[in-house]
Amino acid sequence: MSGLESRTTIHRAGDIWTVVKVDGRAVLKSYKSAAMVVNDDGTILSIGNFDDLSQKHPSASLIDHGSSTLVPGFVDAHLHCPQLDVIGSGGYHLLDWLEQYVFPAEGKFAALDVAVRGAKRLSRELVRHGVTTAAVFSSVHAHAAEALFQNFERTGLRLVTGKTSMDIGAPKNVTESVEADIEAQEKLIATWHGRHDRLFYAITPRFALSCSRPMMKALQELKERHPTCYVQTHISENVHEVKDVLAEWKEFDDYLSVYEEHGLIGNKTLLAHGIYLTDSELARLSRSKTSIVHCPTSNTFLGSGLFNMERSTAMGVNVCLASDIGAGTGLSPWQTMLECYKVQALQGHLVTADELLYRGTLAGAEALGLDNRLGSLEVGKQADFVVLHTEHNELLSERLRVAKDPAERLFACVTMGDDRMVHAVYVAGRQISQGQHRH
Ligand code: GUN
Ligand code: ZN
C-alpha cells in the first residue's frame with residue numbers, strides 16, 4: 001500500500017450531481033453508480049464510476065453512501081444570525097419591519113450568552129440544511145461576530161462575517177460610535193481574517209441609512225488598509241428605502257454611488273437584493289465585478305419586489321442566492337431555489353434546474369472569489385458536499401423514479417426537497433458532526 005493511497009478516501013454513492021462551467025455556461029453534470037476520491041487534505045482527486053475508480057485506488061478507504069446522491073455544499077451568501085427568531089414576523093414592509101422586529105431582536109445580542117447561543121444555533125441549522133459556506137451578518141456587537149468565528153472554527157463550516165456597522169437610524173443599543181466600531185473591526189480582522197483559509201472577515205455596513213458620512217469614510221479607510229477583506233451590505237431592496245437613501249445622500253446620483261464613492265464595491269463585495277438598480281448601476285456592478293445576492297423568499301415575504309435575474313446577468317453581473325433570514329422564510333437552499341424559479345417565472349423567464357443549482361452553489365463561490373476551490377464537485381476542488389437521502393419522502397422518491405433524466409430529478413428536489421433530505425455534510429472531506437442528527 002503506498003503512503004499516498006493510505007490517506008485517500010473513496011466516497012461511493014448512487015449518483016453525483018454538480019454544476020460545471022462549459023464555455024462559460026453552467027451545465028448539470030451527473031454520474032451514476034458514482035464515486036468521488038478525496039485525499040487527506042480534502043481535495044477531490046477524481047470523480048466518476050465506482051468500479052473504475054475503486055480499481056484505480058485499491059487501497060483507498062471506502063465510505064459507502066449507498067443509493068444516496070451527492071451534491072456540492074450550498075452557499076448561502078446573505079443571512080442574519082441575530083434574526084433566527086425573526087423568521088415569520090409579518091405585517092410590515094422593510095423599514096417598519098426593521099424597526100418593529102429586527103432592531104429589538106438584534107439588541108438582545110448585547111448579551112454575550114445570547115450571541116454565543118445564536119452562533120451555535122445558526123451553525124447547527126446551516127449544517128442541517130446542507131449549507132457549507134455562509135456569508136453572515138452579525139449584530140453591531142463585536143462579541144457577536146467573535147462568537148460566530150469561534151463557533152464556525154469549531155464546527156468546520158466556511159464563514160464570511162463581520163460586525164455590522166451602524167451609527168445612525170436605529171436605537172442606541174444597536175448603534176456604535178465610529179471610533180469604537182473601527183477599533184473592534186481591526187481586532188476581529190487581525191484575529192480571524194483568512195484563518196484556516198476557511199474563515200474570512202467582511203466589512204459590513206448595514207445599509208446606506210445606517211451609516212453616517214464619518215462612518216462610511218472610516219469604512220472606506222478600513223477597506224483600504226485591508227483590501228483582501230470582503231464587503232457585504234444591502235442595496236435597492238425597497239422603493240421607500242431607495243427614496244430615503246437618495247434624500248439622505250443628496251450629493252450622489254444613485255444608491256450605488258454611496259458605496260462606490262467610498263471604495264466599497266468590487267470583486268470582494270456582496271450586495272443583497274438590488275431589485276431597483278438602474279441600467280447604469282448594473283453596468284458599473286458588471287465592470288467592477290461586484291456580485292448581487294438575490295434573496296427571493298425575503299423579497300416575496302416582505303413584498304419588496306421582483307428581482308429580474310435575467311436582466312442583471314445579461315448585463316454581465318454575477319448573481320448568487322441567499323436565504324436572508326429573518327426576512328427570508330427559511331434556511332433551505334431548495335426553498336430559496338424554488339422561490340427564485342417562481343420570481344423569475346412571474347417575470348416571463350423560466351430558469352432551468354441547471355441554473356438554479358448553479359446559482360445556489362458555484363455562483364456563490366464565484367461571488368466570494370473562491371470558485372477555484374469551492375462551489376462544484378470537480379477534480380482539484382475541495383470536497384464540500386451534501387449526502388442526500390430521499391426514501392423518507394414517498395412522493396418525492398416515486399417522482400424521482402419516474403423522472404426521465406437528472407435535470408428532471410433535480411427540479412423535483414428543488415420543488416419538493418427539504419432539510420429531511422440532508423443525511424450528512426462534508427467540508428474539505430471531513431464530516432461536520434451536526435449532520436448526523438437524523439436517520
Ligand atoms: N436592510 C437593512 N437591514 C436589513 C435587514 O436586516 N434585512 C433586510 N432584508 N434588509 C435590510
Ligand atoms: Zn439582509
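Each ligand, and each atom within it, is numbered from 1 in the order the structure gives. What you are looking at is a predicted structure, and each value in this text was computed from that prediction instead of being measured.
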Proximal ligand 1 atoms for Asp324, defined as those under 4.0 Å from one of its heavy atoms
8 (C), 9 (N)

Side chain proximity check, Leu122 to Leu79, heavy atoms < 4.5 angstrom:
yes

Looking at His234, pick out the N, O or S atom nearest to the Zn ion (ligand 2) and give its name.
NE2

Can you name the atoms of ligand 1, numbered from 1 with element, that are less than 4.0 Å from a heavy atom of His273?
9 (N)

So, is His273 placed with an N/O/S atom under 2.8 Å from the Zn ion (ligand 2), counting both backbone and side chain?
no

Short list, please: which atoms of ligand 1 are under 4.0 Å from a heavy atom of Leu94?
8 (C), 10 (N), 11 (C)

Closest non-hydrogen protein atom to atom 3 (N) of ligand 1, residue and atom name please, with distance?
Arg206 NE, 2.8 Å

Option among Leu350, Val414, Thr415, Thr352 that satisfies the side chain to side chain contact (heavy atoms under 4.5 Å, CB included) test with Tyr341
Leu350

Can you tell me the angle formed at the Zn ion (ligand 2) by NE2 of His80 and NE2 of His78, to 10°?
100°

N-O pairing of Asp113 and Lys108 below 4.0 Å
no

Please check if atom CZ in Arg430 has more than 12 non-hydrogen atoms from other residues, nucleotides or ligands closer than 6.0 Å.
no

Once you measure the plane-to-plane angle for His234 and His80, does it fall in the parallel (<30°), tilted (30-60°) or perpendicular (>60°) bin?
parallel

Regarding Arg284 and Glu281, does a basic nitrogen lie under 4.0 Å from an acidic carboxylate oxygen?
no

Could you confirm whether Cys295 has any N/O/S atom lying under 2.8 Å from the Zn ion (ligand 2)?
no

Show which atoms of ligand 1 fall inside a sub-4.0 Å distance from at least one heavy-atom site of His80.
5 (C), 6 (O), 7 (N)

Proximal heteroatom of Asp324 relative to the Zn ion (ligand 2) (N/O/S)
OD1

Looking only at protein heavy atoms, what sits closest to atom 10 (N) of ligand 1 is Glu237 OE1, 2.7 Å

Do Arg409 side-chain atoms and Ala403 backbone N/O form a donor-acceptor pair below 3.5 Å?
yes

I'd like to know if Asp418 and Arg420 make a salt bridge, using a cut-off of under 4.0 Å between side-chain N and carboxylate O.
yes

At a 4.0 Å threshold, what atoms of ligand 1 neighbour a non-hydrogen atom of Ala327?
9 (N)

Salt bridge or not for Arg213 and Glu251, using N-O below 4.0 Å?
yes

Under 4.0 Å from any heavy atom of Trp97, which atoms of ligand 1 are there?
7 (N)

